[in-house]
Amino acid sequence: MSEPTSQNKPNIPEVFLNPYNPADFEQKLYQMWEESGFFNPDVCIEKGIAKPDAETFSIVLPPPNVTGTLHMGHAAMLAIEDILVRYNRMSGKRTLWIPGTDSAALATQTKVEGIIYKEEKKRRDEIGREELLKRINDFAEASKDTILNQTRKMGSSLDWSRYAYTLDETRYRAVMTAFIKMYEDDLIYRGDRIVNWDPNMQTTVSDDEIEYEEKTDPFYYFKYGPFTIGTVRPETKFGDKYVVMHPDDIRYKDYTHGQQIEVEWINGPITATIIKDEAADPEMGTGVMTITPWHSAVDYEIAERHGLDKEQVIDERGLLLPIAGEFAGQHIKKARALIIEKMQAKGLIEKIDDKYVHNVATNSRGGGIIEPQIKRQWFIAVNKKFILKHSEIPGIPSGSEVTLKELMIATVENGGTDIFPERFKRVYFNWINNLRDWCISRQIWFGHRIPVWYRNQEIYCGISTPEGEGWTQDSDTLDTWFSSGLWTFSTLGWPEQTEDLKTYHPTAVLETGYDIIFFWVARMILMSTYNLGQVPFKNVYMHGLVRDEKGKKMSKSLGNVIDPLTMIEKYGADATRLSLIIGAAPGNDMPLSENKVKGYKNFGNKIWNISRFILTHTIDSDIDKTAVYSIRDEEIITQLSNTVADVSNEIEKFNLYLAGEKAYHYVWHELADIILEESKSILTGEDKEQRHARQQVLLKCLTTSLKMLHPFMPYVTEAIWQELPPKFKNSELLMVAKWPTA
RNA sequence: GUCCGGUUAGCUCAGCUGGUAGAGCGCUACAUUGACAUUGUAGAGGCCACAGGUUCAAGUCCUGUAUCGGACACCA
């Protein structure tokens with residue numbers, strides 16, 4: 001008998017003759033997945049991939065800004081979440097990953113206003129609320145596909161049929177329902193309080209949205225009657241009629257609280273009142289200060305403690321008010337020098353320090369320098385008691401009298417929500433303990449408008465305009481984090497009691513960067529525990545920031561930005577994903593270099609070649625024929641299932657970096673370097689039985705490895721899977737193949 | 001100021017509940033037209049920041065020091 005010639009021997013698919021080129025496959029594969037419908041758990045149940053009563057696994061995608069573009073931070077987030085989702089889907093769970101976008105109210109409005117001003121030289125007021133909103137909405141609508149398509153490129157197996165947008169109809173109902181409920185529970189109130197005012201954007205900004213910039217300015221020492229006071233901001237000083245010192249400061253023991261003295265000041269003599277308060281630090285300068293309660297949070301608190309007058313000095317646009325006398329109407333920036341000139345002339349300046357370094361508050365969402373102002377705003381009371389009627393939160397029985405702050409603490413303290421890595425729990429508690437009432441109103445137009453109407457002294461809160469004439473709606477909109485806080489359940493259809501809500505809430509895990517633990521994580525816990533009596537998610541997994549190879553923050557000015565889309569184009573999505581996973585311990589910043597991505601592209605090709613080699617030698621194999629395994633064959637099989645068990649275990653513990661590394665190491669340095677090498681002689685040897693057995697072992701190694709690698713490298717593994725002869729696989733799509741178990 | 005991390009091979013970092021050190025990249029030598037243009041084998045290189053302590057045993061636990069970084073607060 002002669003050996004079959006290459007003519008009549010079955011051939012391996014031709015695609016394997018060339019190296020794996022991701023660009024040739026990725027788009028087609030994604031389309032195939034999407035069209036299969038398996039991103040949707042309902043379809044998985046329908047087609048028998050998941051049992052109707054299977055455990056659920058749900059994640060909400062932290063919604064990227066609707067006008068944004070994909071950066072490495074997104075890419076890392078998508079890689080991590082998609083690995084969890086694909087693993088759980090293959091494991092037979094009812095797996096749901098919900099996509100969405102965020103209106104990013106302030107940032108988006110700023111952007112569009114900027115464009116309009118540049119092109120038409122028109123400001124917000126000249127355009128009008130309705131027209132501006134239309135333009136912003138059009139802009140958001142037009143740009144949303146950019147980020148969504150870039151999200152697809154990473155291979156994200158999101159259920160697009162459940163796409164949510166923070167401003168769409170369902171989310172609008174959720175926001176209104178939550179607001180009204182909180183209003184009726186007296187947890188939302190309106191008050192005059194000092195807030196962070198952005199004179200550029202003409203809106204308040206929350207404490208968390210502020211960034212401090214270091215600046216060097218002159219520091220002035222002024223004569224204030226018998227005292228010397230210091231300031232960097234002379235332009236706020238016109239109304240300073242209180243002089244504050246520490247009660248124990250012996251230098252000023254002869255002055256008593258409430259004592260009045262006459263002092264010569266910027267625009268003439270004024271009556272000053274002595275205030276003794278511990279907020280004055282005796283170590284600081286002369287230990288004496290004057291206060292400006294309307295424009296400083298600390299001063300405001302002192303004034304509140306002693307019931308002092310508060311006067312506005314600077315208006316909302318940054319112009320001085322009549323209290324400034326001859327300087328009234330001038331912008332603070334220009335007035336400063338003139339005021340100093342006048343003070344100099346009056347001999348009220350003792351000394352000037354030229355190089356005083358201090359922090360200036362700026363609006364991190366694209367606005368300008370923050371000017372504290374007292375304004376009438378809406379707040380959420382975090383320390384006010386109320387009755388939580390229904391509760392599934394550990395340690396909080398239904399009907400408990402609680403505060404929102406207590407709910408936020410209990411959720412994490414009692415393990416209703418677990419945070420990884422552990423150390424962020426402390427960060428979370430620290431923040432909650434310092435939490436003040438949350439200012440939720442914004443003076444911008446893009447966003448959910450506050451559902452409150454006014455008529456004379458009447459006030460009405462409801463979803464639509466009240467009956468009768470003469471009502472006007474509050475012109476403010478809600479902080480974008482108010483609607484984001486509802487995200488885990490508003491995306492599932494709340495306030496309707498939908499099947500989705502019953503099935504998928506609480507969600508399994510929230511995966512996000514540690515930089516938004518306060519903005520978002522804490523607020524979701526607040527909103528979910530309050531509105532549903534449920535924790536929003538059982539686990540929080542914090543990833544670090546993606547940095548360059550030297551650990552520096554990526555920034556345009558440093559020129560060290562690595563663009564995920566460029567990486568996908570050059571090396572493929574699989575390589576990009578792996579480079580963001582391996583070597584990235586949870587919560588630690590991850591260094592990334594183009595070389596690293598390149599290295600993982602090689603790995604993709606390695607898998608490709610392993611497949612080609614195994615297929616070449618097994619394509620003619622009869623898998624139905626019984627195989628007699630040698631001891632070594634058994635050993636290989638055992639090692640394979642141990643590896644899978646190991647990888648599964650690390651994924652369950654959220655140690656994706658270990659899971660990825662172990663899978664990588666097995667495939668390259670065990671399967672390829674050792675098993676394939678030793679198999680060569682067997683495959684070309686004379687012993688037909690031994691050869692047949694080894695063929696079956698290698699096929700098993702191949703299909704199992706492809707499954708094991710799929711969550712990490714979905715494209716190349718699926719591309720290979722599609723080329724396998726049907727007799728070698730038990731599922732048409734690798735994406736829904738059953739996760740191997742020992 | 002308060003809190004939290006880090007300090008391990010030339011570089012970037014792993015090392016979970018304590019049992020005399022690991023990966024990737026880089027480097028050196030050799031092999032290789034090969035399943036692999038993207039390969040393999042072998043190798044060099046670390047008193048695990050420092051000083052004490054607990055222990056039969058300490059990168060690993062405790063205390064302190066140095067140093068780098070981060071978050072938050074304050075800044076008249």
Practice task
With side chain to side chain donor-acceptor pair (under 3.5 Å) as the test, would you mind laying out the steps for A/Asn605 and A/Asn602 before giving the verdict?
Solution key: CA-CA 5 Å; A/Asn605 194 54; A/Asn602 295 353; over 6 Å; no
Exercise for the section: Give the B/S/- string for nucleotides 3-10 of chain B, one per nucleotide from 5' to 3', where a protein heavy atom under 4.0 Å of the base yields B, of only the sugar-phosphate yields S, and otherwise -. Expected result: SSS-----
Exercise for the section: Among the candidates B/rU38, B/rG15, B/rC16, find the nucleotide nearest to the side-chain atoms of A/Lys653. Expected result: B/rC16
Exercise for the section: State whether A/His665 places a side-chain N or O below 4.0 Å from either non-bridging phosphate oxygen (OP1 or OP2) of B/rA14. Expected result: no
Exercise for the section: For this output row, return yes or no: ring centroids of A/Tyr600 and A/Tyr571 closer than 6.0 angstrom. Expected result: no
Practice task
Give me the ring orientation class for A/Tyr20 and A/Trp608: parallel if the planes are under 30° apart, tilted from 30 to 60°, perpendicular past 60°.
Solution key: tilted
Handout entry: Name of the residue among A/Thr273, A/Ile274, A/Ile275 meeting side chain to side chain contact (heavy atoms under 4.5 Å, CB included) with A/His257
Key = A/Ile275
Fill in the blank from the handout: Dot-bracket for RNA chain B, 5' to 3', Watson-Crick and G-U pairs with both distances under 3.5 Å, [ ] for crossing pairs, | for partner on another strand, reads (((((((..((((.....[..)))).(((((.......))))).....(((((..]....))))))))))))....
Exercise for the section: Establish, yes or no, whether a centroid distance under 6.0 Å links the rings of A/Tyr224 and A/Trp265. Expected result: yes
Exercise for the section: Under 4.0 Å between any heavy atoms, over every strand shown, what does A/Lys598 touch: base, sugar-phosphate, or nothing? Just pick one. Expected result: nothing
Handout entry: Side-chain donor-acceptor contact under 3.5 Å, A/Asp646 with A/Asn649
Key = no
Exercise for the section: Run the ring-centre check on A/Tyr541 versus A/Phe420 and record whether the distance is less than 6.0 Å. Expected result: no
Practice task
Determine the interatomic distance between P on B/rU20 and the same-named atom on B/rA57; round to the nearest Å.
Solution key: 15 Å
Fill in the blank from the handout: Within residues 288-299 of chain A, the residues having a heavy atom closer than 4.0 Å to RNA chain B are A/Val288, A/Met289, A/Val298
